[in-house]
Amino acid sequence: RTVTPAWILAQFKHSSFRHQEPTLDQCWTGLAHPSQKRKAAPDTRNKGGGWIQKSRNLHEFAPVTVVKASSVDNPMILRIHQAKKKRIQSQQSSSSGGDSVGVVKNPPLCNRGRNEGISNMLKQLSNLHLECPLGTMDHWRAYHYGLMAGRVKQLDFEIVDERVLPRLQHIQGFGDSIRNKIKEYLQTGTCQKIKELERDPYRKAVQSMIKIWSIGPIKGKELVELGYRTIRDVRKGLSRGELDGLSANAKIGIDCYEDFEERMSRSEVSQIGDIVIRTCRQVLPGAEATIMGSYRRGLPNCGDIDVLILHPDFVETTPKGALGRLIRMLHQSGHMLHDLTSVDGMTAGGNGTELQSESDDSVFHSRSSEIEGQGETSMGLQKYGHYHGSSSYMGVFASPTDAGKRRRIDIKIYPYQERAFASMYFTGNGDFNRSMRLWSSKARGMTLNDHGLFPNGTDFANGKESVDKLKGASLPAATEEDIFELLGLEYRAPSERDSFDAIVEKSTSQPVAIVELDKGEIHHEMKHIWID
DNA sequence: CGACAGCCGTA
DNA sequence: TACGGC
DNA sequence: GTCG
Ligand SMILES: O=c1ccn([C@H]2C[C@H](O)[C@@H](COP(=O)(O)OP(=O)(O)OP(=O)(O)O)O2)c(=O)[nH]1
Ligand SMILES: [Mg+2]
């Protein structure tokens, strides 16, 4: 937060090192009315080498100097850095390692649903921070609470009273704060922090703003500072012309507020899927379209519908303009109501189903952005040195089962050779993907994304443009099983891909190890412990 | 202190 | 680049 | 929030 000079002066009066929380009017919001916003100036705070950074334009923002706690004079941080140096040295001298880990921090986990109450409490804490990340820390608080909510369920013992707390201390991720909350839960059956967060009217207001699609914590706070508290307020403001500065997507989000809050039944998802898939086959004969996301994982209800399109004849590219034609046709039939992303080829005159085979050179080189070369993102060619033509669409679909209701839809199309990676990605869930990518990077020295699996230390990783195409190329995988195998992970069916801890090293793996870390270091490289 | 996945689209 | 989203 |  940026504070006003008034707040700073007030702190000196207290002659104490503990400062007071600034009240709302002691904060410098620096906010302009959305409709008056100019182009965003680059945020230069906290960048650059020095450990003292001056604030920018004094007339625009509060005259505050940001002091970074640096290693220069902070004994705590010095100690950490020295410890780090020592660790590195000892590893270089005796590379045998493996036994440097005295405490076994990874007890056997099982997948029985234990510790329900505690897990629910942690999940609530996670959601409260996630749904309203006011501070910069809240994002990672939510992340960690979420992680531990999953992990308590998998413990091989039930937390019934305080005597097991010391035992928790030796398990990765249960720090002081969480152990104290568990203690409080055991004693009182509740958690004051949750109550506190739920009561806070400011939080509540921001949260209701954030639920508008395309409004995040920044815009949400801005709206609250401007006096809006509820979706009704925002709608009123919009009708008065006070909020014309909001993005086109935000206006759609406001319009569909209640509809987007709801989740749909599987049967509704499958009916929408039928419509999309049928239309897709008309527009692109031979295409394979599949419903992904929570639907593929078998959840009883879904927040949106995710559709993946592939075509076996387009191995390295995607058919030009196909996605656009699909969207156009869905608009014409009245199913698609709004676009949340632009679509190349949608407004083009290209008729129906002309199919260029990908061996046609014109498909390959249609990558200038002025032309409506479909798909091909600018990053793809530069960073990966491989040619790809994936593209994606986000829109709003009319419910076929619940008249008048509007549903979020995501449609993505990938080259056929990326199908395993695209399907892994699009099946999720989000935590599972993050866990798998973290494992890939930390334990295997490879970067995993929705296009492929890339060994690090190649041109890809260095961000250079690849001259030799093979050097920047992905390891091949035709199926999802292949990807688990390449990474040395236990296979997980879609319905099992439900948490961070669902990523587990395969016991008999002969992985394609690229990093030269010993096992102990791999395991303890990060706080995320991979359980054998 | 820095890490906690890796991208894409909009303004 | 900042923000929001998958 | 937690770890190294
Ligand atoms: O931060 C994210 C969000 C999503 N995804 C992937 C996994 C996810 O399964 C898929 C579709 O995203 P969506 O937001 O639709 O999630 P979902 O798993 O389908 O759940 P929901 O029922 O809320 O749609 O995209 C990620 O990799 N990272
Ligand atoms: Mg979904």
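Convention: sequence-line order gives letters A, B, ...; per-chain numbering from 1.
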Trainee: Figure out the CG/C1' separation between A:Leu223 and C:dG4, and round it to whole Å.
Mentor: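 The distance from CG of A:Leu223 to C1' of C:dG4 comes to 14 Å, rounded to the nearest Å.
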Trainee: So what does A:Ser342 touch, heavy atoms closer than 4.0 Å: a base, only the sugar-phosphate, or nothing?
Mentor: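 Sugar-phosphate only.
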Trainee: Hey, does the side chain of A:Arg408 come within less than 4.0 Å of C:dG5's phosphate (OP1/OP2), counting only N and O?
Mentor: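 Looking at the OP1 and OP2 atoms of C:dG5, neither is under 4.0 Å from any side-chain N or O of A:Arg408.
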Trainee: When you get a sec, tell me which of C:dC6, B:dC8, D:dT2 is the closest nucleotide to the side chain of A:His451?
Mentor: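 In terms of side-chain proximity for A:His451, the closest of C:dC6, B:dC8, D:dT2 is B:dC8.
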Trainee: Describe the nucleic acid contact of A:Asp306 in one word from base, sugar-phosphate, nothing, applying a heavy-atom distance below 4.0 Å.
Mentor: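 Answer is sugar-phosphate: A:Asp306 comes under 4.0 Å of backbone atoms only.
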Trainee: Just to be sure I understand the rule, does A:Met394 reach a base, reach only the sugar-phosphate, or reach nothing, if contact means heavy atoms closer than 4.0 Å?
Mentor: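 It contacts sugar-phosphate atoms only.
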Trainee: Check every strand shown and say whether A:Ile212 touches a base, only sugar-phosphate, or nothing at a heavy-atom separation below 4.0 Å.
Mentor: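 Answer is sugar-phosphate: A:Ile212 comes under 4.0 Å of backbone atoms only.
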Trainee: Taking NZ from A:Lys193 and P from D:dG1, how many angstroms apart are they, rounded to a whole number?
Mentor: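 Distance check: A:Lys193 NZ to D:dG1 P gives 7 Å.
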Trainee: Any idea which of B:dC7, D:dG1, C:dC6 is nearest the A:Asp304 side chain?
Mentor: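 For the A:Asp304 side chain, the nearest candidate turns out to be C:dC6.
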Trainee: Counting side-chain heavy atoms from C-beta on, which of B:dC4, D:dT2, C:dG4 comes nearest to A:Leu438?
Mentor: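 Of all the options, the side chain of A:Leu438 is nearest to B:dC4.
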Trainee: Which nucleotide wins on minimum distance to the side chain of A:Asp410, given the candidates C:dC6, B:dC8, B:dA5?
Mentor: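 So the nucleotide nearest the side chain must be C:dC6.
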Trainee: Out of C:dG4, D:dG1, B:dC7, which has the shortest distance to the side chain of A:Ile218?
Mentor: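 Closest of the options to the side chain of A:Ile218: C:dG4.
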Trainee: Could you grab the distance from atom CZ of A:Arg408 to atom CG of A:Leu340, nearest 0.5 Å is fine?
Mentor: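 Separation between the atoms: 5.5 Å.
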Trainee: With rounding to whole Å, what would you report as the distance between C:dG5 and B:dA5 at their C1' atoms?
Mentor: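 Those two atoms are separated by 14 Å.
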Trainee: Could you tell me whether the phosphate oxygens of B:dA3, OP1 or OP2, come under 4.0 Å of any side-chain nitrogen or oxygen in A:Lys442?
Mentor: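 Looking at the OP1 and OP2 atoms of B:dA3, neither is under 4.0 Å from any side-chain N or O of A:Lys442.
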Trainee: Can you name the side-chain hydrogen bond (donor to acceptor under 3.5 Å, both in side chains) partners of A:Arg167, sequence neighbours left out?
Mentor: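 With neighbours one apart ignored, the set is empty.
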Trainee: Under a plain distance cut-off of 3.5 Å, with no hydrogens placed, do A:Asn456 and A:Thr447 share a side-chain donor-acceptor pair?
Mentor: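 A donor-acceptor contact under 3.5 Å links the two side chains.
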Trainee: Which residues pass the salt bridge (Lys or Arg N to Asp or Glu O under 4.0 Å) test with A:Asp498, sequence neighbours left out?
Mentor: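 Checked A:Asp498 against salt bridge (Lys or Arg N to Asp or Glu O under 4.0 Å); zero matches.
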Trainee: Distance check: side-chain N/O of A:Asn449 vs OP1/OP2 of B:dC7, anything under 4.0 Å?
Mentor: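 Yes.
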Trainee: If the cut-off is 4.0 Å, is A:Arg437 near the phosphate of B:dA5, judged by side-chain N/O to OP1 or OP2?
Mentor: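 So the side-chain polar atoms of A:Arg437 never come under 4.0 Å of the phosphate oxygens OP1 or OP2 of B:dA5.
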Trainee: Looking across every strand, which nucleic acid part, if any, lies under 4.0 Å from A:Asn433 by heavy atom: base, sugar-phosphate, or nothing?
Mentor: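 Nothing, no nucleic acid heavy atom in range.
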Trainee: Can you tell me if A:Ser119 and A:Lys123 form a side-chain donor-acceptor pair at under 3.5 Å?
Mentor: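 Distance-only check fails for A:Ser119 and A:Lys123.
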Trainee: Classify the ring geometry of A:His129 against A:Tyr145: parallel below 30°, tilted from 30° to 60°, perpendicular beyond 60°.
Mentor: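 It falls in the parallel class, under 30°.
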Trainee: Among B:dC8, D:dT2, B:dT10, which nucleotide has an atom closest to any side-chain atom of A:Asn249?
Mentor: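 The nucleotide sitting nearest to the side chain is B:dT10.
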Trainee: Starting from P on D:dG1, measure out to NZ on A:Lys123 and report it in whole angstrom.
Mentor: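 Rounded to the whole Å, the gap is 16 Å.
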Trainee: Which whole-number value in Å describes the distance from A:Lys412 NZ to C:dG5 P?
Mentor: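 Nearest whole value for this atom pair: 14 Å.
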Trainee: When you look at NZ of A:Lys251, are more than 12 heavy atoms from neighbouring residues, nucleotides or ligands closer to it than 6.0 Å?
Mentor: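 Yes.
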Trainee: Output yes when at least one side-chain N/O atom of A:Trp140 is less than 4.0 Å from OP1 or OP2 of B:dA5, else no.
Mentor: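 Result: no.
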Trainee: Mind calculating the distance between CG (A:Leu340) and P (B:dC8) to the nearest angstrom?
Mentor: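 Atom-to-atom, A:Leu340 to B:dC8, this comes out as 18 Å.
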Trainee: Measure from the ring centre of A:Tyr143 to the centre of the six-membered ring in the base of B:dC4, then say whether that distance is under 5.5 Å and the planes meet at under 30°.
Mentor: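 Here A:Tyr143 fails the 5.5 Å or the 30° condition.
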Trainee: Report the nucleotide, chosen from D:dT2, C:dC3, B:dA11, that has the shortest atom-to-atom distance to any side-chain atom of A:Ala248.
Mentor: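 That would be B:dA11.
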Trainee: Between the base of C:dC6 and the side chain of A:Tyr425, is there a donor and acceptor pair under 3.5 angstrom?
Mentor: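 Between C:dC6 and A:Tyr425, which were checked side chain against base, a qualifying N/O pair under 3.5 Å is present.
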Trainee: Base, sugar-phosphate, or nothing for A:Arg179, non-hydrogen atoms under 4.0 angstrom?
Mentor: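 Nothing, no heavy atom under 4.0 Å.
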Trainee: Between B:dA5, B:dG6, C:dG4, which one does the side chain of A:Phe500 approach most closely?
Mentor: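 Nearest to the side-chain atoms of A:Phe500, counting from C-beta on, is B:dA5.
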Trainee: Kindly say if A:Thr341 contacts the phosphate of B:dG9, meaning a side-chain N or O under 4.0 Å from OP1 or OP2.
Mentor: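 Negative; the distance criterion is not met.
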